[in-house]
Amino acid sequence: MARNSKSRKPLPRKPGWRDVSDEFWAKVEPLLPKHVRSPKGGRPPTPHRTIFNGILYVLRTGCQWKMLPREYGSSSAAHEHFQKWTRARIFSKLWKLCLLEYDRCKGIDWKWQSLDSVTVPAPVKGGMKRAKTRPIEENSARNVTSSSMARESRLG
């Protein structure tokens with residue numbers, strides 16, 4: 001019998017290498033906006049720490065948002081928070097903190113940097129708009145594929 005994905009429970013959460021430390025979280029948490037509950041009620045929000053760990057997981061592994069492990073909550077919630085924090089320019093501050101923390105822990109060789117094509121935004125759907133090229137002059141020569149030329153080439 002096939003298992004229903006809704007009946008699947010997430011694996012027990014074991015804090016480890018994928019989580020930010022308590023010390024680092026104390027630096028990150030003040031930068032994040034407070035949760036605002038909807039007056040309509042609804043599901044309680046996922047804690048910011050879980051969301052932040054999920055965002056870092058996606059950035060570290062390069063996986064798709066929808067492939068985010070359940071231990072980080074809803075992938076759509078993590079992506080929504082990432083987009084919201086990016087628009088509010090909060091994420092750039094968080095990213096700088098992450099780089100400084102990594103540099104403190106492991107050290108970053110700032111002379112060696114690379115840019116992956118994934119980090120460069122793609123043009124909007126349909127590609128870039130290109131200007132139309134106008135003809136230099138009117139061409140009065142007959143086209144080889146015109147009907148009379150094609151007929152002559154078949155006969156000759």
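Computed from a prediction, not measured in an experiment: that's the story for all the values here.
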message: Just to verify, what does P45 make a side-chain contact (heavy atoms from CB on, under 4.5 Å) with, not counting sequence neighbours?
response: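 By the side-chain contact (heavy atoms from CB on, under 4.5 Å) rule, P45 matches H35, R37.
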query: Looking only at heavy atoms, which two atoms of H48 and W25 are closest? And how far apart?
result: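 Minimum heavy-atom separation between H48 and W25: C-CH2, 3.6 Å.
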field: Residue pairs fulfilling salt bridge (charged side-chain N to carboxylate O under 4.0 Å, His left out) with at least one residue in residues 49-58, sequence neighbours excluded
entry: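 Listed once each, the pairs are D22-R49.
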- request: Give the intermediate values and the outcome of side chain to side chain contact (heavy atoms under 4.5 Å, CB included) for residues L56 and V20.
  value: CA-CA 9 Å; L56 292 181; V20 295; 3.6 Å; yes
Please list, one pair per line, the donor and acceptor atoms closer than 3.5 Å that link side chains of residues 75-82 to other protein atoms, with sequence neighbours excluded.
unit_1: S76; atom_1: OG; unit_2: S74; atom_2: OG; d: 2.8
unit_1: H79; atom_1: NE2; unit_2: Q83; atom_2: NE2; d: 3.2
unit_1: H81; atom_1: ND1; unit_2: A77; atom_2: O; d: 2.8

Donor-acceptor pairs are to be reported for all side-chain atoms of residues 87-102 against protein atoms at under 3.5 Å, with residues two or more places apart or in another chain.
unit_1: S92; atom_1: OG; unit_2: R89; atom_2: O; d: 3.3
unit_1: E101; atom_1: OE1; unit_2: R104; atom_2: NE; d: 3.4
unit_1: E101; atom_1: OE2; unit_2: R104; atom_2: NH2; d: 2.8

- request: Any chance you could lay out the side chain to side chain contact (heavy atoms under 4.5 Å, CB included) test for D19 and Y57, step after step, and finish with the verdict?
  value: CA-CA 9 Å; D19 296 333; Y57 179 86; over 6 Å; no
- request: Could you tell me the separation between the OH atom of Y72 and the CD1 atom of I55, rounded to the nearest 0.5 Å?
  value: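 These two atoms lie 12.0 Å from each other.
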